A.B. asks: 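Supplied in structure tokens, the structure appears directly below.
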Amino acid sequence: MPSADEPILLTPGPLTTSRTVKEAMLRDMGSRDRAFLALDAEVRRRLVALVGGEDSHVCVPIQGSGTFAVEAMLGTLVPPDGKLLVLANGAYGERMVRIAAIHRRRCFVLRTPEDVPNDVVALAQTLERDPEITHVAAVHCETTSGLLNPIERIAEVVARHRRRLLVDAMSSFGALPLDARATPFEALAASANKCLEGVPGVAFVIVRRDGLLAAEGNAPSLCLDLFDQYAAMEKTGQWRFTPPTHVIAALSQALREHEREGGVSGRGARYRANCRLLVDGMREMGFVPLLPDELQAPIIVTFRMPADPRFVFEEFYDRLRARGFAIYPGKLTVAPSFRIGCIGHIGAAEMRAALAAIREVLAEMGVASGRPA
Ligand SMILES: *Cc1c(COP(=O)(O)O)cnc(C)c1O
């Protein structure tokens with residue numbers, strides 16, 4: 001059971017990992033060790049297979065958190081004379097706009113409110129109107145709210161207009177299906193420490209091989225140059241700079257556990273069950289989720305802040321944390337809120353224990369209902 005020392009992380013990453021994933025790190029490997037290079041090649045192969053990209057795409061890992069991969073993807077694939085269209089409905093879409101500005105790439109933003117999916121009709125109209133747009137960037141699950149964007153319809157529109165789609169699939173990869181053969185994308189970025197249930201320290205881009213090979217010299221950065229990283233790996237089998245060996249070993253174990261669970265569909269099913277338990281249990285206490293069920297991805301749920309003045313979020317957070325549950329503050333600009341994640345190495349028992357702890361904490365605080373204003 002969770003404790004203040006070993007909490008359950010109900011957050012969007014880092015998140016709760018299995019003991020076996022943590023134990024996979026109890027081994028030092030050199031960056032040139034044959035054992036490490038074999039592990040690394042296997043991890044890259046498995047990641048490509050998870051999106052059905054074996055015939056078209058390659059996996060380029062990059063040291064760092066997820067944003068490093070997003071920045072590497074945009075910087076390497078959008079050329080200096082290209083133009084990016086970003087579909088934004090939260091902080092992660094806005095982060096891509098910021099990256100494009102820092103890279104001095106031309107960028108057009110199509111925004112919808114944080115509780116409204118990307119506008120596919122406006123996307124089609126914009127692509128028709130502006131032939132200079134070369135790439136479209138979208139966030140599959142916008143972790144700011146927990147909203148699922150219509151990535152299949154976006155991909156269809158982008159392909160029909162012969163542009164290239166770049167996906168931030170950070171909080172969906174491994175749990176929500178995305179297949180390169182059915183949903184055309186140029187590249188996606190994701191990381192080890194979300195739905196794959198690995199530890200933080202490595203991210204990766206899955207990119208069309210021909211597109212990557214045409215991207216030499218685009219990147220405004222040495223470290224975040226996917227072409228250079230890939231070319232060096234192809235030539236030497238090794239990473240350019242110190243690889244996060246322990247993190248790759250943990251990811252290798254995490255991918256084996258992912259496969260044993262039934263791959264993307266098995267993992268997605270567990271998260272959907274977690275999400276259902278969470279939303280139903282919170283509704284029973286009067287809490288109201290931001291999103292209607294049909295827009296909610298089974299990754300992280302945003303709840304509106306209760307109206308009761310006795311509900312002080314900091315106190316609620318601290319009391320839950322003392323019981324061994326870490327939740328997450330809100331990131332919305334539209335309304336005060338907080339978030340609870342459904343992902344990580346957790347299941348029905350942990351979700352029920354979290355709900356019981358929330359019920360106890362509300363009673364201690366004298367809050368009768370989580371109902372918002
Ligand atoms: C977590 C996340 C990222 C990357 O965040 P890091 O803190 O850099 O790991 C990017 N996009 C989305 C949608 C995410 O959920």
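Ligands are counted one by one from 1 in listed order, and the atoms in each one are counted from 1 as well. Remember, predicted model here, so these are calculated numbers, not experimental data.
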A.B. asks: Could you list the atoms of ligand 1 found under 4.0 angstrom from a heavy atom of Ser171?
C.D. replies: 15 (O)

A.B. asks: Relative to atom 13 (C) of ligand 1, which among Val167, Thr143, Thr67, Ile300 owns the nearest non-hydrogen atom?
C.D. replies: Thr143

A.B. asks: Are any of the side-chain heavy atoms of Phe316 and Val312 separated by less than 4.5 Å?
C.D. replies: no

A.B. asks: Mark yes or no for whether Arg163, through its side chain, and His161, through its backbone, hold a donor-acceptor pair below 3.5 Å.
C.D. replies: yes

A.B. asks: Counting each atom of ligand 1 from 1 as listed, which ones have a heavy atom of Lys194 under 4.0 Å away?
C.D. replies: 1 (C), 2 (C), 3 (C), 14 (C), 15 (O)

A.B. asks: Could you find the nearest protein heavy atom to atom 3 (C) of ligand 1 and give me its residue, atom name and distance?
C.D. replies: Met170 CG, 3.4 Å

A.B. asks: Members other than Leu290 in its cluster, when Ile, Leu, Val, Met, Phe, Trp, Tyr link by side-chain heavy atoms under 4.5 Å?
C.D. replies: Leu147, Leu291, Leu295, Leu332, Val334

A.B. asks: Tell me the protein heavy atom at minimum distance from atom 7 (O) of ligand 1, and give that distance in Å.
C.D. replies: Ser65 OG, 4.1 Å

A.B. asks: Please lay out, stage by stage, how His140 and Phe173 fare under the test ring-ring contact (aromatic ring centres under 6.0 Å, His included).
C.D. replies: CA-CA 9 Å; His140 190 183; Phe173 190 93; 9.9 Å; no

A.B. asks: Arg276 and Asp293: salt bridge (charged side-chain N to carboxylate O under 4.0 Å, His left out), yes or no, with the steps?
C.D. replies: CA-CA 9 Å; Arg276 191 73 269 147; Asp293 291 347; 3.7 Å; yes

A.B. asks: Taking the side chain as everything from C-beta on, heavy atoms only, tell me whether Gln229 gets closer than 4.5 Å to Ile62.
C.D. replies: yes

A.B. asks: Taking only heavy atoms of Arg95, which atoms of ligand 1 are found under 4.0 Å from at least one of them?
C.D. replies: 5 (O)

A.B. asks: Please classify the Val139 to ligand 1 contact at 4.0 Å (heavy-atom distances, strictly less than): side chain, backbone, both or neither.
C.D. replies: side chain

A.B. asks: Go through it in stages, so that I can follow the logic: the residues are Glu186 and His135, the test is side chain to side chain donor-acceptor pair (under 3.5 Å), and I'd like the CA-CA distance, side-chain angles, deciding distance and then a yes or no.
C.D. replies: CA-CA 9 Å; Glu186 182 73 4; His135 294 73; 5.7 Å; no

A.B. asks: Among all the protein's non-hydrogen atoms, which is closest to atom 11 (N) of ligand 1, and how far away is it?
C.D. replies: Asp168 OD2, 2.6 Å

A.B. asks: Can you tell me if Cys141 has a non-hydrogen atom under 4.0 Å from ligand 1?
C.D. replies: yes

A.B. asks: Measure the distance from atom 9 (O) of ligand 1 to every protein heavy atom, then report the residue, atom name and distance (to 0.1 Å) of the closest one.
C.D. replies: Gly66 N, 3.0 Å

